[in-house]
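Both backbone and side-chain heavy atoms feed into the values below; hydrogens, waters and symmetry mates do not.
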Amino acid sequence: MESPSPPATETDARLVANVIGQLALGLLAMTICLPSMSSWSAEFGASQALVQATFGGYVATYGVMQLVYGAVSDRVGRKPVLLVGIALAAVASFLAALAPNLPVLVAARALQGAGCAAGMVIGRALVQDLFVGAERTRVMAFVGMTMGLCPPLAMLVGGQLHVRLGWQANFVLIGLLAIALFVISWRGLPDRRASAATALAANSGLVAGYLRLARHRAYVLHVAILAMASATFYTFLGGAPIVLAGYGVTPELVGLYVMTPPVAYVFGNVLTARLLRAGRGDRLLMTIGHGCTLAGLMAVLGLGMGGVHTALALALPMLLVGVGHGLLLPPTLAGTVGLVPALAGSAAAVAGLMQQVVGALGGFVVGLVSLEGPINLAVLMLAWAVCGAIAQALLVRLPSRAPR
């Protein structure tokens, strides 16, 4: 049984880097091979639908397995579960690099997603376990910066490796990173779990923890805010390339405009850390974040209705949305894992899964409307953002620290 250790009150740079590494692995593995996917159909002689299954299989197991890892880690501890997941990710990555055909690659990718899911959910839970108060939210801001930068950087590295060494090199790199993270985690992470987890786990099953979270209004509202923010961003990712193409933006330049929210998101995370040092509370930051988000989306809608149909009229207001999400998400993430510390793993699992599910729904719905201009896209994003703002308004009416 793991022995508890007190949460850190000051940021330990090595510990923060370790936790962020766990969260980054899954995002890197998810996106580093995307530039290679266009060549797999011809290389393996398979349909494009089967090629897409390599991504879909990863995302499916990456989401579902978070529920398993979260609940199990609340019962037996974070570190052993994390190490099992990282080891699984390493093995799966090397299997993918050696895949002789596409069905094997699909299976290896699904196994890779199942392993990498441990880092995402347990990394968030460790932030709750190892840090307290404003320090926890500041660490979540660092996490937000990483999550904003990882996908585009992974795609850039993945494209270069594909051209120079072949698509297999991307999976070899992930496998080596997983091995390095395994060693670093084994030696650098403390052996501990939430202090109340032992008693809770002894008297309840895996499902009981999730039912307890479902009855916690503040937790449900935090998860709703996260999910609506994800849906807003995924709607933009799904619709912006189509709108930009209508403005004559060529494929090689689309990424420059689509990158505006992630870049601004990193700036918003930096601003969050500074405001926390100045003594600003989490719920105030969340409120300001929603205000910036709604203002940016209203600007997109207003410019579109005013006949300003240019790429910059879409991209520039999205800078404000990115800053808003950078202010909104760190305190919201900290809230999801901090409300019921004994169930931090389960809480992080549900939050991560709902972000992906509702985010994917946002990306799907955008394909059901006409995108000849920015108006419909702006309306859809506003709808998601308003739902998030309503959840925020309901949260404000609750006590700042709801009963556990």
Query raised in the report: Do you know which two heavy atoms are closest between Pro330 and Thr272, and how far apart they sit?
Result: CB-CG2, 4.2 Å
Query raised in the report: Between the side chain of Asn376 and the main-chain N/O of Ser370, is any donor-acceptor distance below 3.5 Å?
Result: yes
Query raised in the report: Do the side chain of Arg109 and the main chain of Met30 share a donor and acceptor less than 3.5 angstrom apart?
Result: yes
Query raised in the report: Do you see a donor-acceptor pair shorter than 3.5 Å between the side chains of Arg78 and Ser73?
Result: yes
Query raised in the report: Donor-acceptor pair, Ser185 side chain versus Leu83 backbone, under 3.5 Å?
Result: no
Query - Separation of Leu189 CG from Asn18 CG (nearest 0.5 Å) - result: 4.0 Å
Report task. Using modelled atom types only, decide if a donor and an acceptor are shared between the side chain of Tyr69 and the backbone of Leu82 within a distance under 3.5 Å. Result -> no
Query raised in the report: Should the heavy atoms of other residues, nucleotides or ligands under 6.0 Å from OH of Tyr234 be counted, would the total exceed 12?
Result: no
Requested in this report: Check for a donor-acceptor pair, side chain of Arg283 on one end and backbone N or O of Gln392 on the other, with a separation under 3.5 Å.
Outcome: no
**Report entry** Heavy-atom closest pair, residues Ala97 and Val172
**Finding:** CB-CG2, 3.9 Å
Requested in this report: Say whether, by atom type as modelled, one donor and one acceptor occur between the side chain of Thr235 and the main chain of Leu380 under 3.5 angstrom.
Outcome: no
Requested in this report: Taking the side chain as every heavy atom from C-beta outward, state whether His325 and Cys292 have any atom pair closer than 4.5 Å.
Outcome: no
Query - Heavy-atom pair with the smallest gap, counting every atom of Gly26 and Tyr58 - result: O-OH, 2.7 Å
Query - Shortest non-hydrogen separation from Gly296 to Pro317 and the atoms involved - result: O-CB, 3.4 Å
Query raised in the report: If every non-hydrogen atom of Ala108 is compared with every non-hydrogen atom of Ala92, which pair is closest and at what distance?
Result: O-CB, 3.6 Å
**Report entry** Between OG1 on residue Thr287 and CG on residue Leu327, distance to nearest 0.5 Å
**Finding:** 11.0 Å
Query raised in the report: Do the side chain of His162 and the main chain of Gly158 share a donor and acceptor less than 3.5 angstrom apart?
Result: no
Requested in this report: Return yes when atom CZ of Phe267 has more than 12 non-hydrogen atoms of other residues, nucleotides or ligands closer than 6.0 Å, and no otherwise.
Outcome: no
Query - Heavy-atom closest pair, residues Leu294 and Ala385 - result: CD2-CB, 3.7 Å
**Report entry** Parallel, tilted or perpendicular: ring planes of Trp40 versus Trp167, cut at 30 and 60 degrees
**Finding:** perpendicular
